[in-house]
Amino acid sequence: MKIKTKLTSGIGLLFMIIVLLGVLAISYIDKLADDTKNILSDNYNSLDYAKGMLYALDNLETDREALNIFMENLEKQRLNITEINESEATDRLARHFKLLDENPSEQNIRQLRLDLNQIMSLNMASIQRNSVIAEDTARQATLWISIIGICSVGIALALLLLFPSQITRPISELTRGIVEIAHRNYSKRLHFDSTREFNEVATSFNDMAERLEEYQQSSLATLLSSKKYLEAIVNSIHEPIIGLDHDRQILFVNNEALTVLNLKREQMIHQSADELSLKNDLLRRLIRELVHPNEKHEPLKIYADDKESFFQAVYVPIKLTETETEGEKQVGNVILLKNITEFKELDSAKTTFISTISHELKTPISAIMMSLKLLEDQRIGSLNDEQQSLASSIKENSDRLLNITGELLKLTQVETGKLILSPKITKPIELINYAVAATRVLAERFGCNIEVEYPEKIHKLFVDSEKIAWVITNLLSNAIHYSKENSRIIVGAKEVDQTIQIFVQDFGKGIDPRYHQSIFDRYFRVPGTKVQGSGLGLAISKDFVEAHDGKIWVESEIGKGSKFTIAFPVR
């Protein structure tokens, strides 16, 4: 059976289904018109309850259970109010019934009958109104379903006449292309710009033709020579390197990689890296970092050749231009392990040097501070103005040097992994108050007014209060230094999206958006900054905050001040 015949049969069946659908829709809409009475059951219930109450009134004198019958139906009516003014009428009926219960009289009975007649009138009017609306809706639905059914029939008829020819034309062109390929005309290309359904077929055909053309223009000897040349290049690289295809099958691996992985070449080539990683910890980590590229990649510590080495993994995607229409397409990845042992040793030496120098500097600084205290003691004599000014300058520079050595010591704790947290439950206001008290003298010197914004209700934090208080103090000290005289500084806390945020906002000159990320790097200082500092405070603050699974960021514009925020998850 030809494809055109199959398509015609299929679309003919679709045509019959659409016709049947229209007939069924019309028949069900007619049935809907007959069933509209069911939607008015609430109104009929109200009439039934009113009838029961009338019956109770008629038998009030002869039947002792009449009052109970009336009360039962009244309670049911209260739960079945559906119409406008029905609630007021029911409430009025209840009040009059209460009067009847207290003082049985003919007048009260007559009033109750009037109330029941009003409730019945409301529901009868609703039944009539809803019935008219339902019938009108059914007629309109029948009309529209009929129109839609006719349109569906027209569409199906159009498809029946036009669609087969749209299919057979590209198939004929594809057939001619296959004949050309069979006659070794590998330059033949197909283009179905107006037929989206066959674009994938055309792309596959063009890929096949292009590869056949490339293969025709090459020779097996050339391919083998190129393969050996590439293998020699890979093996000459002195850093471990692994090549993977799109399915993470290992394509190539050099001798350095075999050494660090402790595997043999025949165990790896053309094998699945995912399966090998189940038995090799190092390969498993490399594959995990390849699959999750956004995660922070720490240097790898590897023991090979009886020595400890450090490597940084670099993942390079392999991209290939297969056809002119597709553009670049990723076909695999190369994992390169850069040996950073030398840099790691230098970094460790640097950290040790900074730690040693910081500890050694604290002793002479403390001696200087003690000497200054002795000089300021009035019991051994007073200083003249010039001596007092000199002593003040020495004290200021000693304080600054002491702060720098303290920051260097905190930095070495972070870098050496010796940062020890002692978390405890703490109120955010306690941390804020500590920072405000610690910077009060500095704020008075610069004439800054510190305002505290704190909500009435906020969760407590589970953090190392000493380190987080240091962070807030550092942010507040920076805000004071970068603010003008007699300016405002706001420090506060708030709870947003299951996080507790503590912020420090100043109204100084602000920070250029280009440096919003760089200011958290070690030793970085914004160009043109006149305030003296080591460039370590924000870097250490970031390390302390992230050690608590928190985040720190800045919002700032030139001339509008800066707002630093630290956020911690609610635990």
Side-chain angles (χ1 to χ4, degrees), residues 400 403-404 406-407 410-411 414 428-429 431-455 458 461 463 467-497 499-569:
R400 179 168 169 268
N403 288 334
I404 291 174
E407 289 181 349
K410 288 183 173 62
L411 178 64
V414 174
I429 191 63
L431 304 175
I432 294 173
N433 288 339
Y434 175 89
V436 172
T439 56
R440 179 174 287 111
V441 175
L442 184 64
E444 290 174 354
R445 190 200 310 173
F446 284 86
C448 293
N449 181 32
I450 299 177
E451 301 175 7
V452 178
E453 293 183 359
Y454 197 76
I458 190 171
L461 289 170
V463 296
K467 290 180 174 55
I468 301 305
W470 184 93
V471 172
I472 301 171
T473 303
N474 180 68
L475 296 178
L476 195 53
S477 175
N478 289 345
I480 294 171
H481 280 104
Y482 289 96
S483 295
K484 299 177 182 178
E485 275 194 48
N486 302 319
S487 62
R488 296 168 57 220
I489 295 175
I490 302 174
V491 57
K494 58 184 177 179
E495 192 166 328
V496 181
D497 297 332
T499 62
I500 298 174
Q501 298 182 3
I502 300 175
F503 60 89
V504 176
Q505 182 175 7
D506 65 66
F507 300 91
K509 65 178 184 179
I511 303 172
D512 193 311
R514 293 178 297 171
Y515 307 122
H516 284 186
Q517 296 297 328
S518 302
I519 58 175
F520 296 102
D521 295 338
R522 293 166 187 170
Y523 309 110
F524 178 84
R525 292 178 55 77
V526 176
T529 300
K530 296 181 180 179
V531 179
Q532 294 182 343
S534 62
L536 291 174
L538 288 177
I540 295 172
S541 297
K542 181 183 178 187
D543 288 331
F544 281 178
V545 171
E546 290 182 348
H548 291 82
D549 295 328
K551 294 181 180 179
I552 183 171
W553 68 88
V554 63
E555 302 168 52
S556 181
E557 293 182 28
I558 297 294
K560 296 185 178 180
S562 305
K563 182 179 181 181
F564 283 84
T565 305
I566 58 176
F568 303 97

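Side-chain atoms are counted along with the backbone in the values below, which use heavy atoms only and exclude waters and symmetry mates.
- Here the straight-line distance linking atom CD of E555 with atom CD of Q505 works out to 8.5 Å at 0.5 Å rounding.
- Across every non-hydrogen atom of F568 and G550, the tightest pair is CD2-CA, 4.1 Å.
- Contact of the P527 side chain with the Y515 side chain is registered, since non-hydrogen atoms from C-beta on lie closer than 4.5 Å.
- The shortest side-chain heavy-atom distance between N449 and S487 does not fall under the 4.5 Å cut-off.
- Between W470 and F544, the closest side-chain pair of non-hydrogen atoms falls below 4.5 Å.
- Within a 6.0 Å radius of CD in E451, other residues, nucleotides and ligands contribute more than 12 heavy atoms.
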**OP:** Evaluate the criterion side-chain contact (heavy atoms from CB on, under 4.5 Å) for residue pair F524 and I519; output intermediate values, then yes/no.
**Re:** CA-CA 6 Å; F524 178 84; I519 58 175; 4.0 Å; yes

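- H516 places a side-chain N or O within donor-acceptor distance of the main-chain N or O of I511, the cut-off being under 3.5 Å.
- Between S477 and L442 there is a side-chain heavy-atom pair separated by less than 4.5 Å.
- For F520, the CZ atom is densely surrounded, since the number of other residues' heavy atoms within 6.0 Å is greater than 12.
- From I540, atom CD1 reaches atom NZ of K467 across 11.5 Å, with rounding to the nearest 0.5 Å.
- A cation-pi arrangement is absent between K560 and F507, since the terminal nitrogen or guanidinium carbon is not both under 6.0 Å from the aromatic centre and inside a 45° cone about the axis.
- I552 places none of its side-chain heavy atoms less than 4.5 Å from the side chain of T565.
- In this structure, Y454 OH and I502 CD1 are separated by 8.0 Å, a value rounded to the nearest 0.5 Å.
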Subject >> Derivation of the side-chain contact (heavy atoms from CB on, under 4.5 Å) call for V554 and L538 >> reply: CA-CA 11 Å; V554 63; L538 288 177; over 6 Å; no

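- Here F446 contributes atom CZ and E485 contributes atom CD; the two are 8.5 Å apart, rounded to the nearest 0.5 Å.
- Not a single donor-acceptor pair under 3.5 Å links the side chain of D506 to the backbone N or O of I489.
- E444 is linked by a salt bridge (charged side-chain N to carboxylate O under 4.0 Å, His left out) to nothing, counting only residues two or more places apart in sequence or in another chain.
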Subject >> Intermediate values then yes/no, side-chain contact (heavy atoms from CB on, under 4.5 Å), I468 and I566 >> reply: CA-CA 9 Å; I468 301 305; I566 58 176; 4.2 Å; yes

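- Taking each heavy atom of P513 and S556 in turn, the nearest pair found is CG-O, 4.4 Å.
- Ionic pairing of K551 and E546 is not present here: no N-O contact between side-chain nitrogen and carboxylate oxygen is shorter than 4.0 angstrom.
- Note: Q501 CD to I458 CD1 = 9.0 Å, rounded to the nearest 0.5 Å.
- Atom CG of N474 and atom CG of N478 lie 4.5 Å apart (nearest 0.5 Å).
- Looking at heavy atoms from C-beta onward, I490 lies out of side-chain contact with V504 at the 4.5 angstrom threshold.
- Across all non-hydrogen atoms, the minimal contact from A493 to F503 is N-CE2, 3.8 Å.
- Counting heavy atoms from C-beta outward, D512 and V526 have side chains that stay 4.5 Å or more apart.
- For the pair T439/T473, a side-chain contact is recorded, criterion being any heavy-atom separation below 4.5 Å from C-beta on.
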